[in-house]
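Have a look at the structure below before the remarks.
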2 protein chains.
Amino acid sequence: MRIGELASRAGVSVRALRYYEEQGLLESERTPGGQRDYPDTAVERVRFFQSMYAAGLSSRRIADMLSCFDNGTTNAQQRAMLAEERVRIDARIAELMGARGRLEELIVAASDRAG
Amino acid sequence: MRIGELASRAGVSVRALRYYEEQGLLESERTPGGQRDYPDTAVERVRFFQSMYAAGLSSRRIADMLSCFDNGTTNAQQRAMLAEERVRIDARIAELMGARGRLEELIVAASDRAG
DNA sequence: GTAAGACCTGACGCTAACGTCAGATGCAAG
DNA sequence: CTTGCATCTGACGTTAGCGTCAGGTCTTAC
């Protein structure tokens, strides 16, 4: 498929896809006219990127774990990195839950005042 | 206390405190010499900021809910905003847990391969 | 009174994941 | 063949929460 279709199917912008390619995350064939051509599997791949970005990983980090995503094998360094990122995500979740609690306090206190 | 002490007690940089003042989040008295002087309550206040920043709120958003933090009262707009931010945080937590799950899959798959 | 820090006000730098614009080309339809 | 939309390659713009440097002032210990 071409870039526009991939963008809409994966829920990202065309610009984002070109950026992923720049970062070495996403390859593509080219048509004789020079346009990018993606396989169907690219949709899932891009969604994986989005998920990792949403979790706060950098392009570099995602690139480092790509072989792991592609064929399910890892070296020691990758295993350490995966575990490290999991810890980081857990910490982020804890922060967010803390903030949620603070917000909740404000809401409860305010509703008490409001009756 | 002066700015350096507040910074170390709240766990942020001196620059950050001046930035919070710029954004209208943090007031201070001034000594005759022109240096900032903070009350003890500023420590907790700054920690609240950090928690909100960590949850992805902008300075503007935090400023908008400050009166709520200060005296526990809200107007309708603030109540709506607090609820909205809570929803946003919940969504972020869900994203993170999704990403965590994906990572977990990679880890499990890789450990299967590794034996 | 002076040396050493802490603090002051600008003001530019930084980062990362894109947004956006410009000017040119590819491609399917009528 | 041309109309018109999708796509192409640069390349500069954006955003937000600070980092950092420059040059000058305040405070405190000796």
Side-chain angles (χ1 to χ4, degrees), chain A residues 1-39 42-43 45-66 85 88-89 92 95-96 99, chain B residues 1-39 42-43 45-66 85 88-89 92 95-96 99:
Chain A
M1 80 192 77
R2 289 193 296 171
I3 198 170
E5 188 183 346
L6 176 56
S8 73
R9 283 177 58 183
V12 304
S13 70
V14 165
R15 178 67 176 93
L17 295 177
R18 297 203 187 101
Y19 177 73
Y20 300 158
E21 186 171 313
E22 258 180 55
Q23 300 301 307
L25 299 180
L26 189 62
E27 297 164 18
S28 59
E29 303 288 301
R30 294 296 180 124
T31 68
Q35 300 196 348
R36 290 173 180 83
D37 185 31
Y38 299 96
V43 177
R45 196 182 177 85
V46 170
R47 289 195 180 132
F48 175 73
F49 297 159
Q50 285 298 109
S51 185
M52 293 301 110
Y53 279 128
L57 277 76
S58 66
S59 296
R60 182 59 204 276
R61 278 307 219 193
I62 299 174
D64 287 344
M65 64 171 64
L66 257 189
E85 291 301 340
R88 205 190 306 279
I89 290 174
R92 281 290 293 145
E95 279 179 356
L96 284 170
Chain B
M1 80 192 77
R2 289 193 295 172
I3 198 168
E5 188 182 347
L6 176 56
S8 72
R9 284 176 58 181
V12 303
S13 69
V14 165
R15 178 68 177 90
L17 295 177
R18 298 204 187 100
Y19 177 73
Y20 299 159
E21 186 172 312
E22 258 180 55
Q23 301 301 306
L25 298 180
L26 190 60
E27 297 165 19
S28 59
E29 303 289 302
R30 293 295 181 124
T31 68
Q35 301 195 349
R36 290 174 180 82
D37 185 30
Y38 299 96
V43 177
R45 197 181 177 85
V46 170
R47 290 195 179 132
F48 175 74
F49 297 160
Q50 285 299 108
S51 184
M52 294 300 111
Y53 279 129
L57 277 76
S58 65
S59 298
R60 182 60 203 276
R61 279 305 220 195
I62 299 174
D64 288 343
M65 63 171 64
L66 257 188
E85 291 300 341
R88 207 190 304 279
I89 290 174
R92 281 289 293 144
E95 279 179 356
L96 285 170

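Residue numbers begin at 1 in each chain, while the letters A, B, ... track the order of the sequences.
- The side chain of B/Ser13 places an N or O atom within less than 4.0 Å of a non-bridging phosphate oxygen (OP1 or OP2) of D/dG19.
- Minimum atom distance to the side chain of B/Arg36 is reached by C/dT9, of the listed C/dC27, C/dC18, C/dT9.
- The phosphate of D/dG17 (OP1 or OP2) has a side-chain N or O of B/Tyr19 nearer than 4.0 angstrom.
- Rounded to whole Å, the distance from CE on B/Met52 to P on D/dA16 is 19 Å.
- Of the candidates D/dC8, C/dC18, D/dG19, the closest approach to any side-chain atom of A/Gln35 belongs to D/dC8.
- When the nearest nucleotides of DNA chain D are assigned to A/Asp37 and B/Gly34 by heavy-atom distance, the more 5′-ward of the two goes with A/Asp37.
- Between A/Glu21 and A/Arg18, none of the side-chain N atoms (NZ, or NE/NH1/NH2) sits under 4.0 Å from a carboxylate O, so this pair counts as no salt bridge.
- Comparing A/Pro32 and A/Ala16 against DNA chain C, the residue whose closest nucleotide sits nearer the 5' end is A/Ala16.
- Here A/Arg30 lies in heavy-atom contact (under 4.0 Å) with sugar-phosphate atoms only.
- To the nearest angstrom, C1' of C/dT20 lies 9 Å from CZ of A/Arg15.
- Salt bridge absent: A/Arg2 and A/Glu5 never bring a charged side-chain N and a carboxylate O closer than 4.0 Å.
- Here the P atom of nucleotide C/dC18 and the CG atom of A/Leu26 are 12 Å apart, to the nearest Å.
- Counting heavy atoms from C-beta on, the side chains of A/Arg36 and A/Leu6 never come closer than 4.5 Å.
- Atom OH in A/Tyr20 sits about 9 Å away from atom P in C/dA17, given to the nearest Å.
- Of the options A/Gln50, A/Arg45, A/Glu27, a side-chain hydrogen bond (donor to acceptor under 3.5 Å, both in side chains) to A/Tyr20 is made by A/Gln50 and by none of the others.
- Judged by closest nucleotide on DNA chain C, B/Tyr38 is the one of B/Tyr38 and A/Ser59 placed further toward the 5' end.
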Intermediate values then yes/no, side chain to side chain contact (heavy atoms under 4.5 Å, CB included), B/Met52 and B/Glu85: CA-CA 10 Å; B/Met52 294 300 111; B/Glu85 291 300 341; over 6 Å; no
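- In the interface, the side chain of B/Arg18 is not paired with the base of C/dT9 through any donor and acceptor atom under 3.5 Å apart.
- For the pair B/Gln50 CD and D/dC18 P, the interatomic distance rounds to 6 Å; values are reported in whole Å.
- Among the nucleotides C/dA17, C/dC27, D/dG17, the one closest to any side-chain atom of A/Arg2 is C/dC27.
- Rounding to whole angstrom units, CG of residue B/Leu17 and P of C/dC8 are separated by 10 Å.
- For A/Glu22 and D/dC12, the CD to P distance is 14 Å, given to the nearest whole Å.
- Whole-Å rounding puts the B/Glu21 CD to D/dC18 P distance at 15 Å.
- Residue B/Thr31 places none of its side-chain N or O atoms closer than 4.0 Å to OP1 or OP2 of D/dC26.
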